[in-house]
Every structure is written in C-alpha cells, then in structure tokens.
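Take a look at the structure set out below.
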Amino acid sequence: MKFLKFFLFLILIVVIGGAIYFGTQDGTYKIESTRTINAPKEVIYDIVNEYKTWEDWGPWKKEEPTMVFNYADKTSGEGASYSWQGEMDGSMTTTEAVPHTSIKQNMTLQTPGGERKPEVYWTFETTPELATIVTWGIQGEHTLMDKVYYAITGMDFDGDMMAMYEEGLTGLETAARKEISKYTINVDGITQYSGGFYLYRTTSAKASKVSQIMGENYGGITSFMSENNIAITGMPFTIYNETLENGDVIMTNALPVREKIIVAGDANVFSGYMPTVTAVKATLKGNYVQLGEAWATAMQYVQDQGYTLSSEKPFEVYVTDPQNHPNPANWVTEIYVPIEDIK
C-alpha cells in the first residue's frame with residue numbers, strides 16, 4: 001500500500017512537473033508563406049477576398065474530398081464568412097479588407113482538444129515587373145494540451161502548416177493565371193465607323209517590338225498634346241498600313257482630336273483624318289496577346305462572306321484603358337476591317 005501511494009505520488013509529481021514545463025514553453029506561433037505570382041494584385045486580391053473561390057484553389061478539398069462548404073449571404077469584403085464540415089469543422093470571418101492591399105480573417109477550428117481561434121492575414125504588393133508578392137500567414141497561441149500533444153506525437157505543426165500554405169499558394173497562382181487568361185472573340189458584323197481627325201506617328205516595327213514601339217509612340221503623342229493643350233476626344237487606335245508574313249508591321253498609332261491640328265516642330269507627330277467607313281467589326285475581350293487570333297477570325301469572316309476589302313486600311317480601337325482595368329481579361333479591343341459598300 002505504501003508503495004502504491006509512493007508510486008501515485010511520483011506520477012503526480014511528473015504530471016505537475018510536466019504541466020509546469022509545458023506551461024512555461026512559449027506557445028505563440030506565426031507562420032507565413034510568400035509567393036511571387038505573375039498577375040496583377042487586384043486580380044489575386046479579388047480571388048482571395050471571395051470565399052466562394054477557396055473551394056477551388058485551396059488544398060483542403062484534395063486532402064478531404066468529402067468536406068462540405070457552407071456560405072453566408074455575404075462572401076466577400078469585411079464581414080464576409082463561410083464554414084465547413086469535415087474531420088475538423090470550422091469557420092472563417094473577414095474582419096478587415098483593404099482593397100488590393102491586405103485582408104485579415106478570424107478562424108475558428110473545432111479540434112479534438114477543443115476550440116481554437118487563430119488569426120489569418122494576407123498582404124499583396126506589386127513588384128517593379130508588375131507581378132504580385134502574396135504573403136499568407138496565420139498566428140495564434142497553442143494551448144497547454146496542444147503543446148503536450150505535439151511533444152508526445154512528434155507532430156511538426158509549423159512544417160505541416162507551411163506545406164499546406166505552399167500548396168494553397170500554388171492553387172492560388174493557378175487560379176490567377178486562369179482568370180487573367182480568359183478571353184472571348186465575337187464578330188459583330190457590318191457597321192459604320194465615323195472616323196474623324198487624329199494625331200499620329202507612323203513606324204515600322206518587328207513583331208517582337210510592336211508593343212514597345214506602340215507605347216513609345218503613344219507616349220510621344222500624349223506629351224505633344226499635353227504641351228500644346230490639345231484634348232484627346234476618344235480612345236487610342238492603331239492603323240495597320242502593312243503587315244508582313246513574319247508579323248512585322250508598318251503601323252500608325254493615333255489619338256483622336258476634335259479638329260485638324262497644324263503641327264510644327266520636331267515632335268514627329270502628324271495630323272490625319274479618317275473618313276466614315278463601312279467595316280466588319282469584331283470584338284476581343286481579353287489580353288492583347290489574343291489579337292492575332294481575333295484578327296484571323298475577323299479576316300476569315302470577311303472571306304467567308306465574300307466581302308471586298310476597301311482601300312482604307314484595317315485598324316483596332318482600344319476601348320478600355322489597362323490602367324483602369326488591371327485584369328487583362330477585361331480589356332476590350334474593337335477590330336475594324338473596312339470593306340466596299342454592299343449594294
């Protein structure tokens with residue numbers, strides 16, 4: 001009997017000692033993963049900010065296919081929330097959402113050891129190359145029971161969380177690339193384009209340099225107009241004077257103006273006029289890299305319909321300003337192929 005009492009006493013000492021030991025260990029944790037994703041931060045932020053996308057890019061469904069997601073009436077922005085049922089039930093609520101900059105969320109997890117309430121945070125930062133540095137982190141404090149469990153089982157909580165976040169960021173990167181790659185091409189049919197006066201620069205450009213030279217031309221024209229207080233009256237457009245088989249072009253980059261402008265000096269900017277034309281119109285909604293396919297679609301339509309090309313050169317109008325529409329999937333370009341009037 002004395003031995004039994006002594007044994008229980010030893011166990012009690014061990015338990016008390018263990019509790020003191022684990023209780024004095026720092027239980028706070030902060031784990032984060034960072035990824036540079038080649039997509040605008042506005043696009044990535046919008047994906048993360050909308051809880052209904054998490055089921056698609058998050059790693060949880062792959063590990064637990066039977067997991068069930070439930071969404072509140074509000075699923076994006078401050079106050080949004082969603083919950084899930086699985087091996088560990090839980091929920092998440094957005095407590096702060098600074099557009100295109102950062103997001104803070106409170107998570108609740110129902111674990112075998114009780115309820116846990118870590119905080120989750122996101123930051124989005126644009127690089128000089130216009131990619132996005134995404135940081136996804138979680139912070140909280142382990143309970144005494146958690147610390148004992150991790151010590152006994154050898155579970156690497158930090159490592160497991162880091163692996164999950166890395167996988168999640170890979171899924172997010174895939175989702176962002178898919179989002180910015182969306183595009184549609186539509187042939188709208190025959191239309192009248194009213195034309196008008198414009199200021200322009202005409203340049204030859206190799207296929208690989210078209211975008212660069214186009215930007216330089218528009219920059220020069222814009223500077224000239226600003227220096228001379230000339231207002232732009234429409235969206236930029238490009239006339240394709242000649243296109244070679246290898247993709248090289250002679251192009252006219254132009255900005256519409258209200259009236260004829262007398263141009264003097266060495267700005268390499270000239271004044272032009274486009275008459276009203278009858279044209280087959282096609283619309284690309286998506287990244288400019290799809291313009292080749294859009295032009296091919298428009299020209300094929302002209303050929304299929306048996307239309308005759310007019311002497312006016314084909315041109316494209318940039319309806320949306322990329323600075324106001326960060327997601328390339330939302331860029332709109334109208335293509336016009338002038339044809340002879342149909343009698």
Side-chain angles (χ1 to χ4, degrees), residues 27-35 37 39-125 132-143 145-147 149-150 155-179 327:
T28 60
Y29 62 89
K30 183 176 182 179
I31 305 161
E32 62 180 33
S33 182
T34 298
R35 178 78 58 89
I37 298 176
K41 68 177 183 178
E42 292 84 354
V43 172
I44 302 172
Y45 171 92
D46 287 345
I47 294 173
V48 175
N49 189 43
E50 173 54 67
Y51 281 132
K52 288 184 178 179
T53 70
W54 287 47
E55 186 173 352
D56 297 325
W57 59 263
W60 312 279
K61 196 77 171 181
K62 295 178 182 177
E63 298 178 4
E64 191 179 344
T66 58
M67 182 180 288
V68 177
F69 294 83
N70 301 295
Y71 300 99
D73 293 335
K74 182 178 177 61
T75 57
S76 65
E78 188 172 328
S81 63
Y82 86 115
S83 61
W84 60 90
Q85 282 80 48
E87 293 181 4
M88 280 195 297
D89 296 348
S91 64
M92 182 174 285
T93 300
T94 301
T95 58
E96 181 181 285
V98 181
H100 312 143
T101 302
S102 63
I103 297 173
K104 293 182 180 179
Q105 300 156 323
N106 283 345
M107 182 191 295
T108 300
L109 283 174
Q110 304 298 336
T111 74
E115 190 173 83
R116 304 291 182 265
K117 290 183 174 293
E119 297 176 353
V120 177
Y121 59 91
W122 296 82
T123 61
F124 310 88
E125 180 183 356
T132 303
I133 301 174
V134 183
T135 298
W136 182 16
I138 186 171
Q139 59 189 9
E141 186 169 359
H142 295 306
T143 65
M145 184 177 297
D146 292 337
K147 289 184 282 187
Y149 177 78
Y150 300 146
M155 176 181 172
D156 183 3
F157 177 83
D158 288 18
D160 290 348
M161 289 298 297
M162 181 63 74
M164 185 185 73
Y165 274 25
E166 285 291 333
E167 185 178 354
L169 287 177
T170 297
L172 179 60
E173 183 173 10
T174 300
R177 288 179 176 175
K178 181 179 179 180
E179 179 62 30
N327 186 354

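Keep in mind that what you see is a predicted model, and the values were worked out from it rather than measured. Each residue takes its place number in the sequence, starting with 1.
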Distance from [X] atom [atom1] to [Y] atom [atom2], nearest 0.5 Å?
{"X": "Q110", "Y": "S91", "atom1": "CD", "atom2": "OG", "result": "7.5 Å"}
{"X": "Q105", "Y": "T94", "atom1": "CD", "atom2": "OG1", "result": "4.5 Å"}
{"X": "L109", "Y": "E115", "atom1": "CG", "atom2": "CD", "result": "9.0 Å"}
{"X": "S83", "Y": "Y71", "atom1": "OG", "atom2": "OH", "result": "9.5 Å"}
{"X": "M162", "Y": "M164", "atom1": "CE", "atom2": "CE", "result": "11.0 Å"}
{"X": "K178", "Y": "D56", "atom1": "NZ", "atom2": "CG", "result": "7.5 Å"}

Fit a plane to each ring of [X] and [Y], take the angle between them on a 0 to 90° scale, and name the class: parallel (under 30°), tilted (30 to 60°) or perpendicular (over 60°).
{"X": "Y82", "Y": "F69", "result": "parallel"}
{"X": "Y45", "Y": "F124", "result": "perpendicular"}
{"X": "W136", "Y": "W54", "result": "perpendicular"}

Which pair of heavy atoms, one from [X] and one from [Y], lies closest together, and at what distance?
{"X": "A97", "Y": "N49", "result": "CB-OD1, 4.1 Å"}
{"X": "P40", "Y": "T132", "result": "C-OG1, 3.3 Å"}
{"X": "L172", "Y": "W122", "result": "CD2-CZ3, 3.9 Å"}
{"X": "M92", "Y": "Y51", "result": "CG-OH, 3.4 Å"}
{"X": "V98", "Y": "E96", "result": "CG2-OE2, 4.0 Å"}
{"X": "P59", "Y": "G168", "result": "CD-CA, 3.8 Å"}

Would a 4.5 Å heavy-atom cut-off, applied to side chains only, mark [X] and [Y] as touching?
{"X": "D46", "Y": "H100", "result": "yes"}
{"X": "N70", "Y": "Q85", "result": "yes"}
{"X": "N106", "Y": "E119", "result": "yes"}
{"X": "T174", "Y": "W57", "result": "no"}

TODO: Any salt bridge (Lys or Arg N to Asp or Glu O under 4.0 Å) involving residues 62-81? Give me the pairs, sequence neighbours left out, ordered by first then second residue.
DONE: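 Found none.
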- [ ] Tell me, with the steps shown, if E166 and R35 meet side-chain contact (heavy atoms from CB on, under 4.5 Å).
- [x] CA-CA 8 Å; E166 285 291 333; R35 178 78 58 89; 3.1 Å; yes
Open item on the list: E42: which residues meet the side chain to side chain donor-acceptor pair (under 3.5 Å) condition with it, sequence neighbours left out?
Closed with: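 Residues passing side chain to side chain donor-acceptor pair (under 3.5 Å) with E42: none at all.
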TODO: Please list, chain by chain and in numerical order, all residues satisfying side chain to side chain donor-acceptor pair (under 3.5 Å) with E32, sequence neighbours excluded.
DONE: Y121
- [ ] Answer with yes or no whether the side chains of T135 and T34 bring together a donor and an acceptor at under 3.5 Å.
- [x]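 A pair is found: one side chain offers a donor N or O, the other an acceptor, under 3.5 Å apart.
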Task: Heavy-atom donor-acceptor pair, T101 side chain to P99 backbone, under 3.5 Å - done: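 Such a contact is found between T101 side chain and P99 backbone.
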